Novice: 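One structure, as structure tokens, below. Some questions next.
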Amino acid sequence: MAASMLGAPWGALRLGGPDLCRRRPPRGLRVHARLLPGPAETGRSVAAASGADGPGTAGYCLELLRKRDYESYLCSLLLPAESRSSAFALRAFNVELAQVKDSVSEKTIGLMRMQFWRKTVEDIYCDKPPHQPVAIELWKAVRKHNLTKRWLMKIIDEREKNLDDKAYRNIQELENYAENTQSSLLYLTLEILGVKNLHADHAASHIGKAQGIVTCLRATPYHGGRRKVFLPMDVCMLHGVSQEALLRRNQDKNVRDVVYDIASQAHLHLKHARSFHKSVPVKAFPAFLQTVPLEVYLKKIQQVDFDVFHPSLQQKNTLLPLSLYIQSWRKRY
């Protein structure tokens, strides 16, 4: 079985030590934001409802992230106070784009929504954001931190290409998608933190790729329920695994070997990211807290012998806030 091959490529997965588990998470991790009324409820525009400082739009982004991307919500709470609102805006922007694929029945509608966001980014850089909560908060983040427009556009372009609903032809295609989406988000987060460092950029690239690969694995049961398979075709062909075998939730050795190979690639990217640890400024470490949920998933899938459909992989990790705080406190990634 695949589990017998773990020794060489995987090694120990580092998480917080037991001596630290008695520490309480910071108060911020227990905060639940209130969803403030939108323009439809108040009868006024977002800008008018929120005023110059936009507390309504900030609350909207916070709640959107808490509901739709809880892990990023927790990670963003542990950023320095002056960076949090911008990080929430950036991640809320990503949620808006990610939701397009699953919320439209026709590709044409999806393309129209992507075009809306492309024009929105153009308008943001002309200081003319539309009266949409995420757009307004993203505009503030761009003005405050002088965020690079290219990374925002890369995310939109890659999400738009992904509307085709096709499986990745090979692992490199999946990595390219992850680089242009998840890594771009990390480059922007580093800019929010005021970090300009080549080693930090290299680490962000590898962490983003690992996150994209793990996200693909984690979503496999969900996509299978919709009769779709997105795992790289070259890895499936290498082990003689058909799409139908994955749709039937086959758990034989060949399927597990496919999952093992893909998970190993994510683990390898995390290992490469850590090779820059001593050269990356400590100021950049909060941007890389996403490594905690990634490692938790990789450790769990290893424990169930790479059965990607195992029920334990679908359970919510109630200890994640504590694990994130420990990693933040230790100043590691």
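We're numbering straight along the sequence, starting at 1. This structure is a prediction, so every number in the text was calculated from the model and none was measured.
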Novice: Surrounding CG of D164 (heavy atoms of other residues, nucleotides or ligands, distance under 6.0 Å), is the total greater than 12?
Specialist: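 More than 12 within 6.0 Å, yes.
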Novice: Step by step, work out the side-chain contact (heavy atoms from CB on, under 4.5 Å) result for R113 and S103.
Specialist: CA-CA 11 Å; R113 292 194 183 178; S103 63; 3.0 Å; yes
Novice: Hey, does P286 have a side-chain heavy atom less than 4.5 Å from the side chain of L78?
Specialist: no
Novice: Does the side-chain contact (heavy atoms from CB on, under 4.5 Å) test come out yes or no for I171 and D261, once each step is laid out?
Specialist: CA-CA 10 Å; I171 194 77; D261 282 357; over 6 Å; no
Novice: State whether the side chain of R256 and the backbone N or O of D305 hold a donor-acceptor pair below 3.5 Å, judged by distance alone.
Specialist: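 Yes; judged by distance alone, with no hydrogens or angles, the pair exists.
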Novice: Using the rule that Ile, Leu, Val, Met, Phe, Trp and Tyr join whenever any side-chain heavy atoms are under 4.5 Å apart, tell me whether L246 and L238 fall into a single cluster.
Specialist: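 Cluster IDs for L246 and L238 differ.
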Novice: Side-chain heavy atoms under 4.5 angstrom apart, residues restricted to Ile, Leu, Val, Met, Phe, Trp, Tyr: same cluster for M233 and L231?
Specialist: no
Novice: Would you say E191's side chain and T148's backbone share a donor-acceptor pair under 3.5 angstrom?
Specialist: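 Checked: pair present.
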Novice: Can you tell me if CZ on R84 sees more than 12 non-hydrogen neighbours from other groups inside 6.0 Å?
Specialist: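 Enclosed: over 12 neighbouring heavy atoms sit under 6.0 Å from CZ of R84.
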Novice: Using modelled atom types and a 3.5 Å cut-off, is there a donor and acceptor pairing between side-chain atoms of S205 and backbone atoms of D201?
Specialist: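 A pair under 3.5 Å: no.
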Novice: Looking at L324, is its backbone amide N or carbonyl O close enough to the side chain of S328 to form a donor-acceptor pair, meaning the two atoms are under 3.5 Å apart?
Specialist: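 It does not hold such a pair.
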Novice: I need the L90 CG to S72 OG distance, nearest 0.5 Å.
Specialist: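 Those atoms lie 9.5 Å apart.
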Novice: Should R226 and D102 count as side-chain neighbours, where that means a heavy-atom distance under 4.5 Å?
Specialist: yes
Novice: Name all residues meeting the side chain to side chain donor-acceptor pair (under 3.5 Å) criterion together with S105; count only those two or more places apart in sequence or in a different chain, and write none if there are none.
Specialist: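 Scan of S105 (side chain to side chain donor-acceptor pair (under 3.5 Å), adjacent residues dropped) gives none.
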Novice: Thinking salt bridges, do E244 and R227 make one under a 4.0 Å N-O criterion?
Specialist: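 Here E244 pairs with R227 in a salt bridge, since their nearest N and O are under 4.0 Å apart.
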Novice: Any chance you could measure T181, atom OG1, to I156, atom CD1, to the nearest 0.5 Å?
Specialist: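 Taking OG1 in T181 and CD1 in I156, the distance rounds to 12.5 Å.
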Novice: Report yes if the side chains of E96 and L64 come closer than 4.5 Å at any heavy-atom pair, otherwise no.
Specialist: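 Result yes, sub-4.5 Å side-chain heavy-atom pair found.
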Novice: Quick check against the 3.5 Å criterion: does D252 have a side-chain atom that pairs as donor or acceptor with the backbone of V255?
Specialist: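 A pair under 3.5 Å: yes.
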Novice: Looking only at heavy atoms, which two atoms of F276 and A203 are closest? And how far apart?
Specialist: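 Nearest heavy atoms, F276 then A203: CD1-N, 4.1 Å.
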Novice: Less than 3.5 Å apart, any donor N or O on the side chain of T57 or E137 sitting next to an acceptor on the other?
Specialist: yes
Novice: Tell me whether the guanidinium CZ or amine NZ of K154 lies under 6.0 angstrom from the six-membered ring centre of Y187 and within 45° of its axis.
Specialist: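 Ring-cation test returns no.
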Novice: Is it true that the side chains of E175 and H269 contain a donor and an acceptor less than 3.5 Å apart?
Specialist: yes
Novice: Can you measure from CE (M153) to CD (E160) and round to the nearest 0.5 angstrom?
Specialist: 11.0 Å
Novice: Quick one: sort the H206 and H272 rings into parallel, tilted or perpendicular, breaks at 30° and 60°.
Specialist: tilted
Novice: Mind checking whether C216 and Y168 have side chains closer than 4.5 Å, heavy atoms only?
Specialist: yes
Novice: Crowded around R249 CZ? As in, over 12 foreign heavy atoms under 6.0 Å?
Specialist: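 Counting other residues, nucleotides and ligands, CZ of R249 exceeds 12 neighbours.
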Novice: Using a 3.5 Å distance criterion without hydrogens, assess whether the side chain of R332 forms a donor-acceptor pair with backbone atoms of Q327.
Specialist: no
Novice: Going from CG on L147 to OG1 on T189, what distance comes out if it is rounded to the nearest 0.5 angstrom?
Specialist: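 Result: 9.0 Å between the selected atoms.
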Novice: Salt bridge check, K149 against E122: does any charged N sit closer than 4.0 Å to a carboxylate O?
Specialist: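 Answer for the salt bridge query: yes.
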Novice: Tell me, yes or no, whether the heavy-atom count around K119 atom NZ, taken from other residues, nucleotides or ligands under 6.0 Å, exceeds 12.
Specialist: no
Novice: Would L313 and L217 count as a side-chain contact (heavy atoms from CB on, under 4.5 Å) if you check the C-alpha gap in whole Å, the side-chain angles of each, and the deciding distance to 0.1 Å?
Specialist: CA-CA 10 Å; L313 298 176; L217 285 172; over 6 Å; no
Novice: Do the side chain of S183 and the main chain of N180 share a donor and acceptor less than 3.5 angstrom apart?
Specialist: no
Novice: Examine the side chains of Y125 and R143 and answer whether a donor and an acceptor come within less than 3.5 Å of each other.
Specialist: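 No, no side-chain donor-acceptor contact under 3.5 Å.
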Novice: Closest heavy-atom contact between V229 and A167?
Specialist: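 So the minimum-distance heavy-atom pair works out to O-CB, 3.4 Å.
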Novice: Applying side-chain contact (heavy atoms from CB on, under 4.5 Å), run through W117 and V121 and close with a yes or a no.
Specialist: CA-CA 6 Å; W117 283 108; V121 171; 5.6 Å; no
Novice: Do any N or O atoms from the side chain of R274 and from the backbone of Y333 form a donor-acceptor pair under 3.5 angstrom?
Specialist: yes
Novice: Return yes if some donor-acceptor pair links the side-chain N/O of H310 with the main-chain N/O of S312 below 3.5 Å, else return no.
Specialist: yes
Novice: Do Q314 and P221 have side chains that approach each other closer than 4.5 Å (heavy atoms only, starting at C-beta)?
Specialist: yes
Novice: Backbone N or O of H239 within a donor-acceptor pair of the N254 side chain at under 3.5 Å?
Specialist: yes
Novice: Identify whether I326 and L319 are in the same connected component of the hydrophobic contact network (ILVMFWY, side-chain heavy atoms under 4.5 Å).
Specialist: no
Novice: Would you call R159 and Y177 a side-chain contact if the rule is heavy atoms closer than 4.5 Å?
Specialist: yes
Novice: Is any side-chain heavy atom of V134 closer than 4.5 Å to a side-chain heavy atom of T120?
Specialist: no
Novice: Mind checking whether H277 and F285 have ring centres under 6.0 Å apart?
Specialist: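 Distance test on ring centres: under 6.0 Å, yes.
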Novice: According to a 4.5 Å side-chain heavy-atom criterion applied to Ile, Leu, Val, Met, Phe, Trp and Tyr, with indirect links allowed, do F116 and L111 form part of one hydrophobic cluster?
Specialist: yes
Novice: Got a salt bridge between R218 and E71, using NZ or NE/NH1/NH2 to carboxylate O under 4.0 Å?
Specialist: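 Looking at E71 together with R218, the answer is yes, because their closest N to O distance falls below 4.0 Å.
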Novice: Answer whether the closest heavy-atom distance between the side chains of N162 and K101 falls below 4.5 Å.
Specialist: yes
Novice: Between atom CD1 of I155 and atom CZ of R150, what is the distance when rounded to the nearest 0.5 Å?
Specialist: 12.0 Å
